[in-house]
Asks: 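Handing you this structure, nothing more for now.
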Amino acid sequence: MTDTLRIAARLAPELVALRRHLHGIPELGLDLPDTQAAVLEALAGLDLEVTLGESLSSVVAVLRGRAPVTGERPVVLLRGDMDALPVAEEVDVDYVSTRPGMMHACGHDLHMAGLVGAARILHELREDLVGDVVLMFQPAEEGPGGAEPMIREGLLEAAGRRVDVAYAVHVYSADHPFGTWFGRPGTLMAAADEVHVVVRGVGGHGSAPDRAKDPVPVACEIVLAYQSAVTRQFSVWDPVVLTVGRIAAGTKDNIIPDDAFVDATLRTFSAENRARAHDVVTRVAEHVAQAHGMTAEVTIGNGYPVTVNDVDEFAFSQGVVVDLFGADRWVDMANPEAGSEDMSFVLDEVPGAYLNVSACAFPDVADAEDNHSPRAAFDDSVVPDIAAALAEMALRRTRELSRGVVADA
């Protein structure tokens, strides 16, 4: 058993208790005062350099290693997200959410407890830590996004020099048996953007559409044209997923409205196709409207970029997991996911890896519900494993970086 696993096992009761406390006080978005306070309390007593966010309730803590280093000190970033979801919890546990309509339905409470555990482990082993570790406790992963403002506030330079590599772990409540780790090199998750279209027509009486410019059928035509554009202008090997979730217009059956509205989510799996898709959805809407003598205004809210695992850093982090827990607890992901993640902003700046682990609370995964469900149940006994894995990655990678070793498995 490695030192990281040994210490994680000893800390397990405290880390699980922290997770359950956090589970009971979920908060949403950028402003998480109670969650921030709980994280700070959990880190109290450790020799850390702590910075709080200016525009959001983030916590950045730098842990300095004490092992001698020749030349520049390596810097590894470890990330855990903090925010919950606007979901009314339906899980029967004695630490259920105390806040109506809010729930840690995506497991961020486990992520925070795991990162606190990694900090505690590394603090005990800091005589062996060759370099520095930046601990990133990030709000608003579920939106509007906390990684980007943290980067603007100096996250990547928090240790005094730029972060070399970054790692994160995410839990799942379904899909795989408890304790199974999984991931893939390259594209892991899609970019996600919001598309908003306003078709500008001229209202009138429903009995005389020829004396108006009806935007409703034009909006419907745009929706259908989008589906054709996605399947005919993009390769199936680099897919684009565009789902229209809202069409709205009018107030009464016999009134032609001035405007019609189309809202969609756009998912892409490469930076190149993301840029192309932005152009296509804009051009299709504008030209369909123009063909009917109307105009369309298209707004694309830039969401999260594609989440890309650096090939070498992924191989390294996968190797750490296999060394710690055994090859039987690792499964390769065949395909990327169409979900998105704002850790992508960090991985756009520095190489790194984002791994997943199952915290499924059911013996049969067929009985489990996915993350974001009000019935998503997480087995928090996985938290010490997350802590050990993150700590081990930081210990090994700083040691290798100090020797100029390229990451590998």
Asks: May I ask you to decide whether Asp132 forms a salt bridge with Arg66, counting only side-chain N to carboxylate O separations under 4.0 Å?
Replies: no
Asks: Please round to the nearest 0.5 Å and tell me the distance separating atom CG of Asp164 and atom CD of Glu400.
Replies: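 Here the rounded value is 12.0 Å.
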Asks: Without swapping roles, check the side chain of Ser344 against the backbone of Thr307 for a donor-acceptor pair under 3.5 Å.
Replies: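 Checking the backbone N and O of Thr307 against the side chain of Ser344, no donor-acceptor pair under 3.5 Å is found.
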Asks: Are the side chain of Ser173 and the backbone of Asn371 linked by a donor-acceptor contact shorter than 3.5 Å?
Replies: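 The answer is yes, because a donor-acceptor pair under 3.5 Å joins these two groups.
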Asks: Would you call Asp380 and Arg20 a salt bridge, using N to O less than 4.0 angstrom?
Replies: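 Yes, Asp380 and Arg20 are salt-bridged.
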Asks: Look at atom CZ of Arg232 and say whether more than 12 heavy atoms of other residues, nucleotides or ligands are closer to it than 6.0 Å.
Replies: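 No, CZ of Arg232 has 12 or fewer neighbouring heavy atoms, counting only those of other groups under 6.0 Å.
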Asks: With a 4.0 Å cut-off on N to O distance, would you call Arg397 and Glu313 a salt bridge?
Replies: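 The answer is yes: the pair qualifies as a salt bridge.
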Asks: Determine whether a donor-acceptor pair (N or O, by modelled atom type, separation under 3.5 Å) exists between the side chain of Asp83 and the backbone of Glu141.
Replies: yes
Asks: Is any NZ, NE, NH1 or NH2 atom of the basic residue among Asp279 and Arg276 found under 4.0 Å from an Asp or Glu carboxylate oxygen of the other?
Replies: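 Between Arg276 and Asp279 there is no salt bridge, as every charged N stays at least 4.0 Å from the carboxylate O atoms.
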Asks: Drop me the distance from Met82's CE to Leu115's CG, to the nearest 0.5 angstrom.
Replies: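 The distance works out to 10.0 Å.
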Asks: Would you say the ring centroid of Phe182 lies under 6.0 angstrom from that of His176?
Replies: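 Yes, they do, as the ring centres are separated by less than 6.0 Å.
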Asks: Quick one: CG on Leu122 to CG on Leu78, what's the gap to the nearest 0.5 Å?
Replies: 7.0 Å
Asks: Kindly indicate whether the side chain of Val76, heavy atoms from C-beta on, has any atom under 4.5 Å from the side chain of Val134.
Replies: no
Asks: Please check this pair: side chain of Thr398 against backbone of Val130, looking for a donor-acceptor N/O pair closer than 3.5 Å.
Replies: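 Confirmed, Thr398 side chain pairs with Val130 backbone.
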Asks: Nearest 0.5 Å, what's the OG1-CE distance between Thr35 and Met112?
Replies: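 If we round to the nearest 0.5 Å, Thr35:OG1 and Met112:CE are 5.5 Å apart.
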Asks: Measure the shortest side-chain to side-chain distance between Arg19 and Phe378 over non-hydrogen atoms and say whether it is less than 4.5 angstrom.
Replies: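 Yes, at least one pair of side-chain atoms sits under 4.5 Å.
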Asks: Among Gln138, His170, His111, whose side-chain hydrogen bond (donor to acceptor under 3.5 Å, both in side chains) with Asp81 holds?
Replies: His111
Asks: Taking C-beta and beyond as the side chain, do Val350 and Val165 meet within less than 4.5 Å on heavy atoms?
Replies: no
Asks: Please check if the side chain of Glu124 supplies one atom and the backbone of Ile7 the other of a donor-acceptor pair under 3.5 Å.
Replies: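 No, because the side chain of Glu124 does not come within donor-acceptor range (under 3.5 Å) of the backbone of Ile7.
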Asks: Go through the steps for Leu46 and Leu63 under the test side chain to side chain contact (heavy atoms under 4.5 Å, CB included), then give the verdict.
Replies: CA-CA 9 Å; Leu46 303 184; Leu63 191 155; 5.7 Å; no
Asks: Rounded to the nearest 0.5 Å, what's the gap from CG on Leu129 to CD on Glu127? Could you check?
Replies: 10.0 Å
Asks: Taking side chain as C-beta onward, heavy atoms only, is Asp31 less than 4.5 Å from Pro33?
Replies: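 SC-SC contact between Asp31 and Pro33 confirmed.
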Asks: When rounded to the nearest 0.5 angstrom, what distance separates CG in Asp259 from CD in Glu297?
Replies: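 Asp259 CG to Glu297 CD: 8.0 Å, rounded to 0.5 Å.
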Asks: Do NZ/NE/NH1/NH2 and the carboxylate oxygens of Asp193 and Arg274 come within less than 4.0 Å?
Replies: yes
Asks: With a 3.5 Å distance limit and no angle check, can you tell me whether Arg267 reaches the backbone of Ala338 through a side-chain donor-acceptor pair?
Replies: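 Yes; judged by distance alone, with no hydrogens or angles, the pair exists.
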Asks: If only atom types and distance count, is the side chain of Glu337 paired as donor or acceptor with the main-chain N or O of Gly339 below 3.5 Å?
Replies: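 Checking the backbone N and O of Gly339 against the side chain of Glu337, no donor-acceptor pair under 3.5 Å is found.
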Asks: For Gln233, look at atom CD and say whether over 12 heavy atoms of other residues, nucleotides or ligands are found less than 6.0 Å away.
Replies: yes
Asks: Is a salt bridge present between Asp342 and Arg79, judged by a nitrogen-to-oxygen distance below 4.0 Å?
Replies: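 So Asp342 pairs with Arg79 through a salt bridge.
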Asks: Tell me yes or no: between the side chains of Glu153 and Ser55, is some donor less than 3.5 Å from an acceptor?
Replies: yes
Asks: Mark yes or no for whether Lys213, through its side chain, and Met294, through its backbone, hold a donor-acceptor pair below 3.5 Å.
Replies: no
Asks: Counting distance only, does the side-chain N/O of Arg329 pair as donor-acceptor with the main-chain N or O of Val321 below 3.5 Å?
Replies: no
Asks: Do the side chain of Arg120 and the main chain of His123 share a donor and acceptor less than 3.5 angstrom apart?
Replies: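 Answer holds: no.
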Asks: Glu89 and side chain to side chain contact (heavy atoms under 4.5 Å, CB included): which partner among Arg99, Met102, His23?
Replies: His23
Asks: Charged N to carboxylate O below 4.0 Å: is that the case for Arg396 and Asp323?
Replies: yes
Asks: For Trp181, run the ring pair (Phe, Tyr, Trp, His ring centres under 6.0 Å) check against Trp330, Phe325, Tyr172, Tyr354 and tell me which one passes.
Replies: Phe325
Asks: With a 4.5 Å limit on heavy-atom distance, are the side chains of Met103 and Glu90 in contact?
Replies: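 Result no, sub-4.5 Å side-chain heavy-atom pair not found.
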Asks: Can you establish whether the number of heavy atoms outside Asp364 located under 6.0 Å from its atom CG is more than 12?
Replies: yes
